[in-house]
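First comes the structure, then the notes that go with it.
In what follows, chains carry the letters A, B, and so on, assigned in the order in which the sequence lines appear, proteins first and then strands, with residues in each chain numbered from 1. All values derive from a computational prediction rather than experimental measurement.
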Amino acid sequence: MKIATWNVNSLNARLEILLEFIEKRKPDIIALQETKVEDDKFPLHAFNEVGYKCLFKGQKAYNGVAIISKMDWDKYEKNFEDIEGEQKRIIMAEINGIKIINAYFPHGKMVDSSYFQFKLDFIKKLKEYISKLKNVILLGDFNVAPEEMDVYNPDILQYSIGFSVDERNALNELYSIGFVDVFRLHNKNKGEYTWWDYRSNSFKRNAGMRIDHIWAFKNIASKSILCYIDKEIRAKPKTSDHAPVVAEFDL
DNA sequence: ATGGTGGTAAGACCA
């Protein structure tokens, strides 16, 4: 089973590149974040035509998540209001006994803002929710880089959003309920990022952060074969500021 | 890099 995650930064703006990505990688499941499209405007046909079903939950202009899958789901869950509030950030599909949780964690803006506390609360509530579950793959844009090797300059970024101590501690508590970082399991190199700011020529300088993740519970991660970041997609013109992450499992 | 770029939607707001 091949599963991918990509923060598209607008599904409509990225539809063409996403379809190229699907053609190239042929993933069984794709988790999308920041679709920025309301449900009645979701481009369902584009995916149905190439053999995928869609589960989605969006809103105008901001947020929005979707699961695009070759296989049908046995169950799904869209109601995560206790964790996300009014923002459309979490969606779950249960496929072949595995709970695929696609999450777009809050950005947090600045470490001293009210948005930051919302981010910490979100991570804590998500942990409480998932800790009651079995057979989980959690993937998406977590908006946190876990380790020093996951950012281009840990000294500069240690007080910045996405790498501050409080965020990394919250993320580590979520991780500690039984997850394995599937990318890190298969790749120990530093300088491997999933997001580069559009500004300041960041991609060319590789001034990025690894904030998009595929995490699996240990029993599932033990069946993972490989995991990689598709930088070719980030290198394209008019692309997202995030690169897709792809993992393959022998399930 | 107290700048910079991009998406949405039509002037800010979010990232």
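Counting to the nearest Å, the C1' atom of B/dC13 and the CG atom of A/Asn63 are 12 Å from each other. Across the protein-nucleic acid pair, A/Leu32 atom CG and B/dG7 atom P stand 16 Å apart, rounded to whole Å. Residue A/Phe203 contributes atom CZ, which lies 22 Å from atom P of B/dG4 at whole-angstrom precision. When rounded to the nearest whole Å, the span between CD of A/Gln59 and C1' of B/dA15 equals 14 Å.
Between A/Phe203 and A/Trp196, the ring planes are perpendicular. Angles over 60° get that label, and only those under 30° would be called parallel. Using the six-membered ring where Trp is involved, A/Phe179 and A/Tyr175 have ring planes that are tilted, between 30° and 60° apart.
The separation of B/dC14 from B/dA9, taken at their P atoms, amounts to 14 Å, rounded to a whole angstrom. Of the P atoms belonging to B/dG11 and B/dG6, the separation is 22 Å, rounded to the nearest Å. Here, B/dA15 and B/dG3 have their C1' atoms 15 Å apart, quoted to the whole Å. Comparing B/dG7 with B/dT2, their P atoms are spaced 24 Å from each other, to the whole Å. Using P as the reference atom, B/dA10 and B/dT5 are 24 Å apart when rounded to the nearest Å.
Judged by distance alone, with hydrogens and angles left aside, the side-chain atoms of A/Ser240 form a donor-acceptor pair with the main-chain N or O of A/Asn7 at under 3.5 Å.
Under the Watson-Crick or G-U wobble criterion, with both distances below 3.5 Å, B/dG7 is paired with B/dC13. Here B/dT2 sits opposite no nucleotide as a Watson-Crick or G-U wobble pair (both hydrogen-bonding atom distances under 3.5 Å).
Counting any heavy atom pair closer than 4.0 Å across all strands shown, A/Arg14 reaches sugar-phosphate atoms only and no base atom. Within the nucleic acid shown, A/Tyr104 comes within 4.0 Å of sugar-phosphate atoms alone, with no base atom in reach, counting heavy atoms only.
For the residue pair A/Gln33/A/Asp141, the side-chain donor-acceptor check at 3.5 Å is not satisfied.
Proximity of A/Arg199 to the phosphate of B/dA15: no side-chain N or O atom is located under 4.0 Å from OP1 or OP2. Between A/Lys109 and the phosphate of B/dA15, there is no side-chain N or O to OP1/OP2 separation shorter than 4.0 Å. Distances shorter than 4.0 Å separate none of the side-chain N or O atoms of A/Tyr62 from OP1 or OP2 on B/dG7. At B/dC14, none of the side-chain N or O atoms of A/Lys36 fall inside 4.0 Å of OP1 or OP2 (strictly under the cut-off).
For the pair A/Val136 and A/Trp215, the minimum side-chain heavy-atom distance is 4.5 Å or more.
In summary, of the residues considered (A/Arg89, A/Gln87, A/Glu84), a side chain to side chain contact (heavy atoms under 4.5 Å, CB included) with A/Tyr104 occurs for A/Arg89 alone.
Of the candidate nucleotides B/dA15, B/dT8, B/dA1, B/dA15 has the atom nearest to the side chain of A/His107. The side chain of A/Tyr198 lies closest to B/dG6 when the candidates are B/dG6, B/dT8, B/dA15.
For A/Gln87 and A/Thr35, each mapped to the nucleotide of DNA chain B holding its nearest heavy atom, the one lying further toward the 5' end belongs to A/Thr35. For A/Glu34 and A/Asn12, each mapped to the nucleotide of DNA chain B holding its nearest heavy atom, the one lying further toward the 5' end belongs to A/Asn12.
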